[in-house]
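Have a look at the structure below, then the notes.
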Amino acid sequence: MKYLIANWKQNGNIEFTKNWINGYYDNHDFNIRNKVNVIVCPPFPLVYVFKECNLQKPKNFVKVGVQDISSFKDGPHTGETGVGQLSTDVKYIIVGHSERRKRGESPKLINEKLEMLIGSDKTPIVCFSSIEEFNMITKYTENMLFAYEPVDSIGTGNPASIESLHYLKDKTGLSEYIYGGSIDKNNFADYLSIDFINGFLVGGASLDPISFASLTDQIFETYKDEN
Ligand code: 13P
């Protein structure tokens, strides 16, 4: 399975979400490939709006995910959202994004979140920015997707070099992993051709529905023989 994942971060509102869905699907004839999972992770308050607007589109192949999760099941934890509170339609959860680590999220907390997700019907997309970080968050590895997002490449227009992705693969021992950092419609083809990269986590370029539609077309085209 291959993944194209949009991380909207703290962007968008209800109007934006409706316009995004219309802009993405309308006037665009996607050649859907079942072996490619397209997932959009909006901020929590927009998940329901996204899901409902998506359902109204005849092709509605996009799945919805979230950007974080509480390490607690429930209880007095102001501002947190627990896995049991998510719609059953949400199947993917980004965990440990570097922008959360910057706000103080520790490897210990990330491992607690991953532990909370064990046995749930959700797949964590576990982010790490370095080999050291990877080594601190691999207490649990079952049914997880790993996403390498070097901080120098996030939102900078400087995607990681292809050599560095090979190096990362050798050092982590991962047979495949997702890459994220300054992917856009112009550089996408270079990264799509790397066989051990099983997906992409896209920030900035996912906010424009036309640009994300172009990434979708490109990944569908690349894996057209795998249906
Ligand atoms: P950009 O695509 O904006 O570099 O962001 C990458 C990212 O952080 C996705 O989670």
Side-chain angles (χ1 to χ4, degrees), residues 2-12 16-17 20 23-24 36-44 46-47 50 62-69 81 90-105 107 109-110 113-114 117 122-134 137 144-162 164-165 168 172 174 176-194 197-219 222:
K2 308 292 172 185
Y3 299 88
L4 177 63
I5 307 158
N7 177 7
W8 283 6
K9 308 189 178 185
Q10 193 187 337
N11 292 295
F16 171 93
T17 305
W20 192 98
Y24 183 73
V36 179
N37 243 334
V38 182
I39 303 157
V40 173
C41 302
F44 277 117
L46 302 177
V47 167
F50 188 96
V62 178
K63 299 184 172 68
V64 68
V66 293
Q67 301 171 18
D68 189 27
I69 201 67
T81 301
V90 174
K91 297 285 191 231
Y92 295 91
I93 303 178
I94 297 173
V95 178
H97 194 282
S98 62
E99 287 156 7
R100 297 210 56 77
R101 291 171 191 252
K102 244 190 280 176
R103 309 289 305 170
E105 191 161 308
L109 181 54
I110 293 166
K113 291 180 177 189
L114 296 177
L117 295 175
K122 320 292 182 200
T123 302
I125 302 161
V126 190
C127 299
F128 63 99
S129 310
S130 64
I131 293 153
E132 293 70 36
E133 278 184 8
F134 176 77
I137 51 149
M144 290 178 190
L145 295 169
F146 284 101
Y148 174 51
E149 297 204 305
V151 277
D152 290 350
S153 296
I154 297 180
T156 58
N158 296 316
S161 69
I162 297 189
S164 70
L165 299 186
L168 196 277
T172 57
L174 288 171
E176 54 182 19
Y177 63 86
I178 290 168
Y179 169 70
S182 294
I183 285 294
D184 62 32
K185 60 180 194 283
N186 301 318
N187 62 26
F188 198 33
D190 298 341
Y191 292 86
L192 269 172
S193 62
I194 309 175
I197 297 294
N198 65 337
F200 299 89
L201 199 41
V202 184
S206 74
L207 295 175
D208 172 14
I210 308 299
S211 141
F212 197 66
S214 162
L215 298 183
T216 310
D217 278 336
Q218 290 187 55
I219 197 166
T222 302

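Both ligands and their constituent atoms are indexed starting at 1 by order of listing. Position 1 is the first residue of the sequence; numbering continues from there. For the numbers below, each heavy atom of this structure counts, side chains included, while hydrogens, waters and symmetry mates do not.
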| message | With no hydrogens and no angle check, just 3.5 Å: does a side-chain donor-acceptor pair link H97 and E149? | response |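 Their side chains do contain a donor-acceptor pair, which is all the 3.5 Å distance test asks for.
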| said: For S161 and S164, which I'm curious about, is there any donor-acceptor pair between the side chains at under 3.5 Å? | reply: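 Distance-only check passes for S161 and S164.
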| message | If the condition is ring pair (Phe, Tyr, Trp, His ring centres under 6.0 Å), which residues does Y148 pass it with, not counting sequence neighbours? | response |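 Expected list: F128.
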| task | Before giving the answer on side-chain hydrogen bond (donor to acceptor under 3.5 Å, both in side chains), spell out for N37 and K2 the whole-Å C-alpha distance, their side-chain angles and the decisive distance to 0.1 Å. | result | CA-CA 6 Å; N37 243 334; K2 308 292 172 185; over 6 Å; no
| task | Output the set of protein residues with a heavy-atom contact under 4.0 Å to ligand 1, ordered first by chain identifier and then by residue number. | result |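 Contacting ligand 1 under 4.0 Å are N7, K9, H97, E149, S153, I154, G155, G181, S182, L201, V202, G203, G204.
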Enumerate donor-acceptor pairs with a distance under 3.5 Å from any side-chain N or O in residues 179-186 to protein atoms, sequence neighbours excluded.
{"from": "Y179", "atom 1": "OH", "to": "A160", "atom 2": "N", "distance (Å)": "2.8"}
{"from": "Y179", "atom 1": "OH", "to": "G181", "atom 2": "O", "distance (Å)": "2.7"}
{"from": "S182", "atom 1": "OG", "to": "S153", "atom 2": "O", "distance (Å)": "2.6"}
{"from": "S182", "atom 1": "OG", "to": "T156", "atom 2": "N", "distance (Å)": "3.3"}
{"from": "S182", "atom 1": "OG", "to": "G157", "atom 2": "N", "distance (Å)": "2.7"}
{"from": "S182", "atom 1": "OG", "to": "N158", "atom 2": "N", "distance (Å)": "3.4"}
{"from": "D184", "atom 1": "OD1", "to": "N186", "atom 2": "N", "distance (Å)": "2.9"}
{"from": "D184", "atom 1": "OD1", "to": "N187", "atom 2": "N", "distance (Å)": "2.9"}

| task | Return the set of residues passing salt bridge (Lys or Arg N to Asp or Glu O under 4.0 Å) with R101 (not counting sequence neighbours), or none when no residue passes. | result |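 Counting only residues at least two positions away or on another chain, R101 forms a salt bridge (Lys or Arg N to Asp or Glu O under 4.0 Å) with E133.
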